[in-house]
Structure formats: structure tokens, C-alpha cells
Amino acid sequence: MKSISVFLIGLLLFSCNQTKKQPIMNQKIVIAHRGASGYLPEHTLEAKAMAHAMNADFIEQDLVLSKDDIPIVIHDIYLDDVTDVTTKFIDRKRNDNRYYVIDFTFDELKTLSVTERFNPKTGEQFYPNRFPKNKGNFKLHSLQEEIELIQGLNKSTSKNIGIYPEIKEPEFHRKEGKNLTKIVLKVLSDYGYKTKKDQCILQCFDAKELERIRKELQSELFLVQLIEFPEETKQLEHFATYADGIGPYYKQILSEKINDKFTFTSLVSDAHQLGLKVHPYTFRADSLDEFSSFEEMMQTLLIDANIDGCFTDFPDLVVNFLKDE
Ligand code: G3P
Ligand code: CA
């Protein structure tokens, strides 16, 4: 009898560990930055499926509108640094020699091949040791298609992995006569992402737009204010009037090194005092800069600086690291 009880308790603990149905905003989270983009071309469905299998807590979607108002999952408003648009639609560039997502219909975008990120001027692959450029058969896709993949995998694997969409360049979209935010909020709502409990974190660099999302559009989603420039870190009190967290560049957390040990700015503690979570970008095992190893980067920022999660191209490494904490 005793051994059956022990077995049942073990099974229960095992399944709780596997299913992760509870909201996880209160633990350190791993955000798969453009998917498992350290291993497969960024923002492809393949990179998203891999991130899901690696047990990232959230998977990121950068969003830009097509000509026919479909939110496309792609990092930039441009196509020419991750696709073969220059060979397939040679005459569709603008005067600045760039090819814009917004100038193409969803059907046209679907004809493009997606590849590992490269410099459009030199053709050189951005991260030389990643998935080889121009290999494989990858396509662009919509936000709806990605949500269906993630929700489908959540069902078939009994996981509850969240989404972390970003509204890209709302001002550019507005000048083009389009309301990206409104379209994205509608898609999110249609798929059940409406409140802070719904495993969806909405992010934006444009502070006016994120404030508008909370105050005018009355969104109840978990909102993260992305921070690009150091001077923006002085606006935390204002950010706290509408956002639930901040997404700074990780270097904004680091201060000088004393006796070979990193010290920190007050950004994380200031944010925490205002009730804001801190999710810095971007943890890359193949781009370490001031750190001597990825282990050191994770220990320094996730543990010593006490951040609440991070954007990473290598979700498996951060998931593994946090498992041991
Ligand atoms: O969105 C946060 C993180 O993704 C950093 O920004 O430029 O990679 O979209 P970016
Ligand atoms: Ca992003």
C-alpha cells in the first residue's frame, strides 16, 4: 500500500512538472528570441517548434503587416536580409534600395524562401557558425499560423508555453496608413489572449504606443516596455503607470568590473521597487562580448543581478541552467 502511495505521489509530481499549466509570471522565464534562432533561421516555424521542444517558457514573435493587413512574423520591416526577395521580385525595391514587407501581399510573401540572417550589402552570414545560409526550405508565416502551431503543440505535449509578441515600428505603419496594433490585438483576442493570465506578454519599443495600448485601447494583457537607449531607463516611474515589466538591453544592467567582479546599475532594483519585471535582451552563446563564457553571462545576470527572465537565441542552455538553480 505504502509503495502504491509513493508511486502515485511521484506520478503526480512528475506530471505537474511536465504540464506547467500554472501561470509562470512569478518565476524566472526563458524567452526564445525569434524561436531557437541559435540553431535554425530566426522566426521560422521550425525554429519555433524547436524552442517549444526545448521547453522555453515563452516564444517571441516580432510583427510587421503585409500589404493586405496580415501580421507577419519577421524581425524587420525589410525583407532583404532574411529572404531571397532580391532575386524573386527584382523591381519591387523602394528608392532606398530596400524591400518592404508592407509592399507585398501575404500570397507573395509566401513565395519567398527564408534563410539565416545575412548582410544584404555583402551577402555575408551574420552569425557564421549558425545554420548555413541558403540551405533548407523555410517560409514566412503569419501570427495566426504561429499561434496555431504553439497552441497545437501545447495540446499535444500537455505544456502551456506562452507567446511574447512585439509590435514593430507602429509609427512607420501609421505613416503607411495601417494600424498594426489594432490588428494584432484582435488576433490575440480571437485566440484567447486577453488578460495577464493568458500566457501572452505584449512588448513594444515605442513607449507612446505601449501606453496607448493600456490606457486608450484598455488592453488587460501583461505589457513589457522595451528600452533601447540608456536615457530611457530614467523613465521607469512613468513606465510603471501602464507596463508590467521592462525589456532593457542587458548592458544597461552592468556597471564597472571591480576586482574582476561585475557590479550593477540600479536598474533592476529600481524596477522591482516599482513592481516591474525585468526581461533583458539578448543572451547569445556565440556573441559573449564582456563575458568569458555563456555560463558566466547567465550567472551574472540571471542570478547575481536578479533579473526575472531573458530573451535568448539558445533557450535550451538557459532552461538547463535554471533547472539547476
Ligand atoms: O524584443 C526584445 C528583443 O527581441 C530585442 O529586440 O531588436 O531583437 O526585436 P529585437
Ligand atoms: Ca523582438
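Whatever order the structure lists them in is the order used to number ligands and atoms, beginning at 1.
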Legend entry - Asp313 and Arg130: CA distance, side-chain angles, deciding distance, salt bridge (Lys or Arg N to Asp or Glu O under 4.0 Å) verdict: CA-CA 11 Å; Asp313 295 359; Arg130 294 194 181 182; 2.9 Å; yes

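- In the model, Thr83 has no side-chain atom that pairs as donor or acceptor with a side-chain atom of Lys88 under 3.5 Å.
- Note: Tyr100 and Phe172 have parallel aromatic rings, judged against thresholds of 30 and 60 degrees for the angle between ring planes.
- With His43 as reference, Lys48 is the one residue of Lys48, Arg34, Gln61 to meet the side-chain hydrogen bond (donor to acceptor under 3.5 Å, both in side chains) rule.
- Ligand 1 is surrounded by His33, Arg34, Glu60, Asp62, His75, Glu166, Lys168, Gln203, Phe205, Leu226, Tyr281, Phe311, each with at least one heavy atom closer than 4.0 Å.
- Aromatic rings from Phe321 and Phe283 are positioned such that their centres are separated by 6.0 Å or more.
- For Asp62, the N, O or S atom with the smallest separation from the Ca ion (ligand 2) is OD1.
- The neighbour count for Glu290 CD, taken as heavy atoms of other residues, nucleotides or ligands under 6.0 Å away, is above 12.
- Rounding to 10 degrees, one finds that the Ca ion (ligand 2) sits at the corner of an angle of 120° between Glu60 OE2 and Glu166 OE1.
- When all heavy atoms of Leu254 and Phe264 are compared, the pair lying nearest together is CD2-CE2, 3.9 Å.
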